[in-house]
Amino acid sequence: MWRIAPAGESALLVDLGESIDERILGQVLALDAALSRNRPPGLRRPIPAYASLLCPFDPLLLEPARLEALIREIEPTVVAQPPDGRRVVVPVRYDGPDLARVAERSGLGVSRVIEAHAGRDYLVYAIGFAPGFAYCGEVAPSLATPRLPPPRASVPAGSIGIAGRQTGIYAVESPGGWNLVGRTELTLFDPVEDPPARLQPGDRVRFEPVP
Amino acid sequence: MIQVLRPGAWTTVQDSGRPGLERFGISPGGPVDWFAAAVANLIAGNREDAALLECTLEAPALRFSEAATVAIAGGEVEGAPGWTARRLEAGATLELGRIRPGLRTYLAIGGGLGVEPVLGSRSLCQLGRFGGGFGRPLRAGDVLSIGSEIAHDSWSQPWPAAHRLPLQGPWEVRAIAGPHAGAFPDGSLRRLADTALLVTPAIDRMGMRLRAPALRLQASEILTTGVTEGAVQVTPSGELIALLAEHQPTGGYPVIATVIRADLPLLAQARPGDTIHLRLCGVEEAVGALRRLVDWLRG
């Protein structure tokens with residue numbers, strides 16, 4: 001059963017599971033879609049991330065108990081299956097400042113690290129932290145690398161990083177503690193575009209090495 | 001036009017922000033003290049959510065090339081009476097100084113600020129470097145235009161003292177058990193409520209760090225989730241971070257409690273060195289407290 005808990009008086013956090021799992025993200029996105037088809041007055045746009053959906057609302061327009069009842073009505077209709085997102089190819093120049101660190105820790109050497117990182121599809125589990133930042137998973141176990149002890153004050157837009165078994169894309173320049181392995185020229189966030197972020201949860205990303 | 005002679009410590013253009021765009025990684029933003037900002041706009045003759053200036057620590061000096069109605073609400077600011085509107089003549093200089101008591105004050109101009117909206121809002125998005133007119137806080141030499149969206153007459157009387165919120169601690173701030181309260185050992189929430197939390201100097205529009213060295217809260221790990229304004233996160237080293245208006249849309253630290261919306265203005269005005277006591281309450285009390293403030297605004 002989903003766990004539904006208040007996040008203040010103006011939001012409910014729905015936890016659909018406790019692991020990084022394609023099929024749980026699929027359920028999160030299915031709940032999100034069901035709520036957007038049948039959005040009660042006062043419900044704001046929910047925020048999907050990994051295994052949860054945060055549902056903010058105006059408590060003067062919508063009673064939390066009514067929203068919870070609606071979510072419980074949707075629960076049995078949602079099937080556990082991987083999300084059906086778009087496929088996006090992200091060209092990457094693998095020359096990041098932490099590529100050597102990842103290569104050394106993994107014992108694979110630089111070219112095998114690139115091969116392993118670019119060799120699979122990644123699911124976008126959340127967009128957050130900073131505008132357009134895409135949390136993707138999961139890298140091969142051999143590539144898992146802990147976050148940098150002190151984060152960098154500034155990471156350039158387009159940087160591709162690894163943190164634990166997650167890989168992510170910095171869409172705008174921001175502070176950051178992920179191990180930077182490369183960089184893409186692709187614009188992943190533009191405030192004048194609609195939608196402003198190119199990727200969304202459920203999309204599948206493949207990194208393509210470019211010279 | 002308004003010319004910025006001196007920008008103050010951290011002055012930004014804010015309206016009601018960009019709620020609804022969190023899924024693109026965009027912070028909802030908006031004023032940290034939403035109540036004072038709404039009052040400043042109302043007494044200036046604007047809609048509650050018109051674009052105004054949020055000033056932190058020290059307010060700016062501005063020259064007006066045209067006559068304007070200005071209204072200040074929030075922290076007390078040197079050089080101008082608060083919670084009231086007044087008329088400035090063309091060519092006037094508004095010289096504002098330090099803010100105290102309180103930390104943030106709001107300067108509304110009748111008609112609002114004529115700043116170009118980006119993604120539906122005139123608020124600065126700090127991490128994205130867009131909005132707010134310049135994609136950054138104000139600097140000396142910036143020029144702002146005055147908008148023409150006057151909603152009603154400006155107030156001839158000051159905002160009633162009975163309808164203002166405290167500007168000085170010690171602060172009692174109400175909070176609801178957080179969505180991850182269950183990730184902490186039994187009794188953690190009670191101990192949190194029994195402990196005085198010290199406000200550190202690490203404060204910005206995204207959040208504020210609170211210290212309680214004796215508390216030593218520890219939780220099991222959680223997956224990254226969406227987070228709300230007012231969320232009190234616990235870092236792995238046991239430090240507390242209360243999220244403010246321009247918080248990141250997602251977070252990976254467990255949220256032990258959430259400050260209620262009606263008491264966010266108190267967090268907004270707390271200064272480094274102040275102490276905060278969290279008092280746990282239920283959703284119903286929180287909604288009642290919110291309704292009370294909204295009723296004050298809607299008169």
Side-chain angles (χ1 to χ4, degrees), chain A residues 3-15 17-21 24 32 44-56 58-60 63-65 125-135 166 171-175 188-201, chain B residues 18-28 118-119 125-131 135 174-183 220-232 248-252 255 257-262 264 281-291 294-295:
Chain A
R3 201 174 63 84
I4 303 178
E9 77 289 318
S10 304
L12 292 178
L13 181 67
V14 187
D15 267 315
E18 287 177 350
S19 52
I20 299 181
D21 180 326
I24 299 176
D32 179 44
R44 280 174 36 197
R45 210 159 173 204
I47 299 116
Y50 291 95
S52 68
L53 190 71
L54 179 71
C55 303
D58 179 346
L60 302 183
E63 284 205 23
Y125 278 98
I127 302 291
F129 159 60
F133 184 96
Y135 291 89
Q166 301 179 90
V172 301
E173 183 198 329
S174 70
L188 291 155
F189 183 85
D190 186 342
V192 304
E193 290 290 322
D194 182 21
R198 183 182 291 235
L199 296 172
Q200 56 188 40
Chain B
R18 300 179 180 83
L21 297 184
E22 292 95 332
R23 64 172 57 215
F24 304 116
I26 298 168
S27 170
V118 181
L119 286 169
C125 175
Q126 218 167 293
L127 265 178
R129 295 183 181 81
F130 61 81
R174 287 166 289 184
I176 296 172
H180 308 123
S220 44
E221 276 191 35
I222 59 147
L223 287 177
T224 290
T225 71
V227 290
T228 62
E229 194 176 353
V232 179
Q248 301 176 354
T250 60
V255 174
T258 307
V259 172
I260 70 172
R261 191 162 163 71
L264 290 174
C281 77
V283 169
E284 263 179 48
E285 181 176 345
V287 175
L290 177 62
R291 182 169 285 124
V294 170
D295 286 347

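Note on naming: letters A, B, ... go to the chains in the order of the sequence lines (proteins, then strands), and numbering restarts at 1 for each one. All values reported here derive from a predicted model rather than from experimental measurement.
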Rounded to the nearest 0.5 Å, how far apart are CD of A/Glu9 and CD1 of B/Ile260?
-> 6.0 Å
Can we say A/Glu173 and B/Arg129 salt-bridge, meaning some charged N sits less than 4.0 Å from an Asp/Glu carboxylate O?
-> yes
Separation between CZ of B/Arg18 and CZ of B/Phe24, rounded to the nearest 0.5 Å | 13.5 Å
From CA spacing to verdict: side-chain contact (heavy atoms from CB on, under 4.5 Å), A/Leu60, B/Arg291 | CA-CA 7 Å; A/Leu60 302 183; B/Arg291 182 169 285 124; 3.8 Å; yes
Do you know which of B/Val283, B/Ile176, B/Ile26, B/Leu119 has the most heavy-atom pairs with chain A at a distance under 4.5 angstrom?
-> B/Leu119
Count the heavy-atom pairs under 4.5 Å between each of B/Pro19, B/Ala262, B/Gly178, B/Gly128 and chain A, then report the option with the highest count.
-> B/Pro19
The interface call for A/Glu63 against chain B, heavy-atom contacts under 4.5 Å, is neither
Residue A/Ile20 versus chain B: region with a heavy atom under 4.5 Å | both
Tell me, out of B/Val259, B/Val255, B/Thr258, B/Leu290, who's got the most heavy-atom pairs with chain A below 4.5 Å.
-> B/Thr258
Considering only heavy atoms, which portion of A/Pro64 lies under 4.5 Å from any heavy atom of chain B: side chain, backbone, both, or neither?
-> side chain
Proximity breakdown for B/Ala257 and chain A, heavy-atom pairs closer than 4.5 Å = neither
Look at the side chain of A/Glu193 and the backbone N and O of A/Pro191, then say whether any donor-acceptor pair between them is shorter than 3.5 Å.
-> no
Nearest-0.5 Å distance, CZ of residue A/Arg45 to CG of residue B/Leu21 | 7.5 Å
Atom group of B/Leu223 that falls short of 4.5 Å from chain A, counting heavy atoms = side chain
Looking at residues at least two apart in the chain, or sitting in another chain, which of them share a side-chain hydrogen bond (donor to acceptor under 3.5 Å, both in side chains) with A/Arg3?
-> A/Asp15
Highest number of heavy-atom pairs under 4.5 Å with chain A among B/His180, B/Glu229, B/Arg261 belongs to B/Arg261
Please walk me through it: do A/Ile127 and A/Leu199 pass side-chain contact (heavy atoms from CB on, under 4.5 Å)?
-> CA-CA 8 Å; A/Ile127 302 291; A/Leu199 296 172; 4.2 Å; yes
With sequence neighbours excluded, residues passing side-chain hydrogen bond (donor to acceptor under 3.5 Å, both in side chains) with B/Arg23 = A/Asp32
Answer key: most heavy-atom pairs under 4.5 Å with chain B among A/Ser174, A/Ser10, A/Ala197 is A/Ala197
Contacting moiety of A/Ala11, where chain B heavy atoms sit under 4.5 Å | side chain
Contacting region of B/Val294 [heavy-atom separation from chain A under 4.5 Å] = side chain
Please flag which part of A/Pro6 lies under 4.5 Å from any non-hydrogen atom of chain B: side chain, backbone, both or neither.
-> both
Contact part of A/Phe189 toward chain B, heavy-atom cut-off under 4.5 Å: side chain, backbone, both or neither?
-> side chain
